[in-house]
Amino acid sequence: MESLVSVLLTEALPRVLTISVLIGIGVGLANLAVAYGVVDVIARVGRYLTEPANLPDEVGAAVLTNTVSVTAGYGMLAEFRESGLLDDRATLIAVVINTFFGFVQHIFTYYGPVLIPILGLHAGLMYVGARAGISLAISVVGLLAGAILLRGYEYDGSVVDPEVPEDGEGEDGGRTHRENLRQAGEKTLERLRSIVPRLAVVYSLVFVALEYSDQLVGALAYVGIEEPAALVDPVAGFLGLPAAAVPVILVSLVDPTMGAITVAPMIGDVLTPTEAVITLLVGSLFSLTIGTVKRSIPFQYGIWGSEFGSKVIVVNTGLKAIFIVVAILVFLVV
């Protein structure tokens with residue numbers, strides 16, 4: 001077991017620094033996009049998403065940014081919420097709509113170059129298609145929620161409009177490039193001062209808790225669950241999966257990529273491609289708890305604070321669980 005200092009320096013600190021940089025990029029881009037009017041340009045594309053959901057045009061820029069960096073996209077939404085453009089309800093709906101666009105990024109960085117080669121073309125495309133369908137369904141729920149719950153909403157776009165001084169140095173009386181960059185930098189640093197301390201505290205607590213997780217295993221044994229397989233066996237049996245699926249599900253709890261590597265040699269002999277995909281989906285369903293503790297809680301609490309961050313986690317995790325179950329049922333029926 002690593003020392004407390006080692007855990008903080010090797011696990012928590014790199015994660016906090018990386019996410020802080022990405023959030024800073026997102027918030028900085030939001031401020032620069034407003035200052036230079038880029039939001040208006042991007043909004044022409046994003047309007048197809050924002051108008052049906054009754055969201056302001058600026059949100060379209062944040063949603064589309066998710067295809068490049070989910071953290072930067074969240075940073076932009078955080079900036080719009082802090083500025084007063086979005087209230088909690090509108091922000092939550094925007095977060096839900098973000099889901100599919102965040103997934104698109106992973107197609108090019110993980111699913112395409114990593115997972116499909118591991119699983120093979122047939123099973124790989126089936127699994128990636130299932131994950132894409134789950135993400136798309138969640139985003140559609142966000143669009144429908146916005147259409148219903150945000151009907152009649154009015155937004156004050158002036159809260160994110162650049163402030164133009166009366167005696168600007170530019171030719172048109174506006175701010176110069178240097179002034180735009182300086183103000184964007186100041187606003188970004190101000191936002192990071194409120195976010196980074198929360199990130200540091202929550203990530204530190206989570207990684208320390210994970211390092212000392214042996215006590216959680218002891219607690220499970222105390223209530224009669226000697227092995228994690230005791231939780232998985234009944235589910236695998238109910239779905240008609242062979243016994244070989246159980247270790248794959250257990251490995252997927254810890255590492256989805258290792259789960260794919262474990263199931264790949266079984267495809268065709270022990271498991272059909274459909275059974276392999278169902279097995280990985282069941283593993284992802286069980287791993288939601290670990291993923292929530294290890295990634296979602298520190299990330300969302302760091303950006304939004306505990307109160308609103310909890311709402312985001314509940315909605316995101318709940319929708320993922322629902323549509324993973326739906327995807328499993330679809331594969332069972334088909």
Side-chain angles (χ1 to χ4, degrees), residues 4-31 59 61-63 65-99 101-103 105-106 109 138 142 160 184-213 287-320:
L4 182 61
V5 174
S6 177
V7 171
L8 294 177
L9 292 178
T10 61
E11 300 286 347
L13 182 60
R15 188 69 62 90
V16 171
L17 292 176
T18 301
I19 292 179
S20 297
V21 170
L22 290 173
I23 292 175
I25 292 173
V27 174
L29 286 175
N31 287 313
V59 172
V63 171
T65 298
N66 275 267
T67 60
V68 179
S69 170
V70 174
T71 306
Y74 266 78
M76 294 180 76
L77 284 180
E79 176 66 14
F80 294 147
R81 177 173 176 264
E82 290 291 335
S83 68
L85 176 66
L86 302 176
D87 64 7
D88 283 0
R89 179 183 294 185
T91 304
L92 193 57
I93 288 173
V95 167
V96 174
I97 293 173
N98 274 345
T99 304
F101 299 89
F103 175 83
Q105 175 204 163
H106 295 302
T109 60
I138 294 173
V160 294
E186 289 174 352
K187 288 184 176 180
T188 301
L189 288 175
E190 181 181 351
R191 187 69 64 238
L192 287 175
R193 287 192 193 101
S194 65
I195 291 176
V196 173
R198 291 200 302 258
L199 281 174
V201 171
V202 179
Y203 265 110
S204 298
L205 291 174
V206 168
F207 278 104
V208 169
L210 290 174
E211 183 64 24
Y212 293 90
S213 59
S287 68
L288 279 178
T289 301
I290 295 176
T292 297
V293 173
K294 191 172 182 178
R295 291 182 293 275
S296 293
I297 288 178
F299 178 69
Q300 303 294 356
Y301 278 25
I303 290 182
W304 311 108
S306 59
E307 183 178 353
F308 186 68
S310 296
K311 295 178 183 178
V312 172
I313 291 168
V314 169
V315 171
N316 275 346
T317 305
L319 287 173
K320 284 179 184 177

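All heavy atoms count here, side chains included; hydrogens, waters and symmetry mates do not.
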Peer 1: For residues Phe80 and Thr91, determine if any side-chain heavy atom of one lies less than 4.5 Å from a side-chain heavy atom of the other.
Peer 2: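 They are not in side-chain contact.
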Peer 1: For side-chain contact (heavy atoms from CB on, under 4.5 Å), just list the numbers for Asp88 and Arg81, CA-CA rounded to whole Å, side-chain angles, deciding distance to a tenth of an Å, and then say yes or no.
Peer 2: CA-CA 8 Å; Asp88 283 0; Arg81 177 173 176 264; 2.9 Å; yes
Peer 1: Identify the two heavy atoms, one from Val70 and one from Gly102, that lie closest to each other, and give their separation to 0.1 Å.
Peer 2: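 Distance-wise, the nearest heavy atoms are CG2-CA, 3.6 Å.
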Peer 1: Any side-chain heavy atom of Trp304 sitting closer than 4.5 Å to one from Ile313?
Peer 2: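 Heavy-atom side-chain distance check fails, nothing below 4.5 Å.
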Peer 1: For the residue pair Asn66 and Tyr74, establish whether any side-chain heavy-atom pair is separated by less than 4.5 Å.
Peer 2: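 Yes, close enough: below the 4.5 Å cut-off.
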Peer 1: I want to check something: taking the side chain as every heavy atom from C-beta on, are Ile303 and Val312 in contact at a cut-off of under 4.5 Å?
Peer 2: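 They are not in side-chain contact.
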Peer 1: Please find the pair of heavy atoms, one from Tyr301 and one from Ser306, that lie closest to each other, and give the distance.
Peer 2: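 Answer, listing the atom of Tyr301 first, then Ser306: CE1-O, 3.8 Å.
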Peer 1: Which heavy atom in Thr292 sits nearest to a heavy atom in Thr317, and how many Å separate them?
Peer 2: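 Here Thr292 and Thr317 meet closest at OG1-OG1, 3.5 Å.
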Peer 1: Which pair of non-hydrogen atoms, one from Thr65 and one from Ala72, has the smallest distance, and what is that distance?
Peer 2: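 Smallest interatomic distance, heavy atoms only, reads CG2-CB, 3.9 Å.
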Peer 1: State, with a plain yes or no, whether a side-chain heavy atom of Val59 is found less than 4.5 Å away from one of Met76.
Peer 2: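 SC-SC contact between Val59 and Met76 ruled out.
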Peer 1: Look up atom CZ in Arg89 and atom NZ in Lys311, then write down how far apart they are to the nearest 0.5 Å.
Peer 2: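 Between atom CZ of Arg89 and atom NZ of Lys311 there are 10.0 Å.
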Peer 1: Measuring only between side-chain heavy atoms, which start at C-beta, is Leu92 closer than 4.5 Å to Val315?
Peer 2: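 Yes - at least one pair of side-chain heavy atoms lies under 4.5 Å apart.
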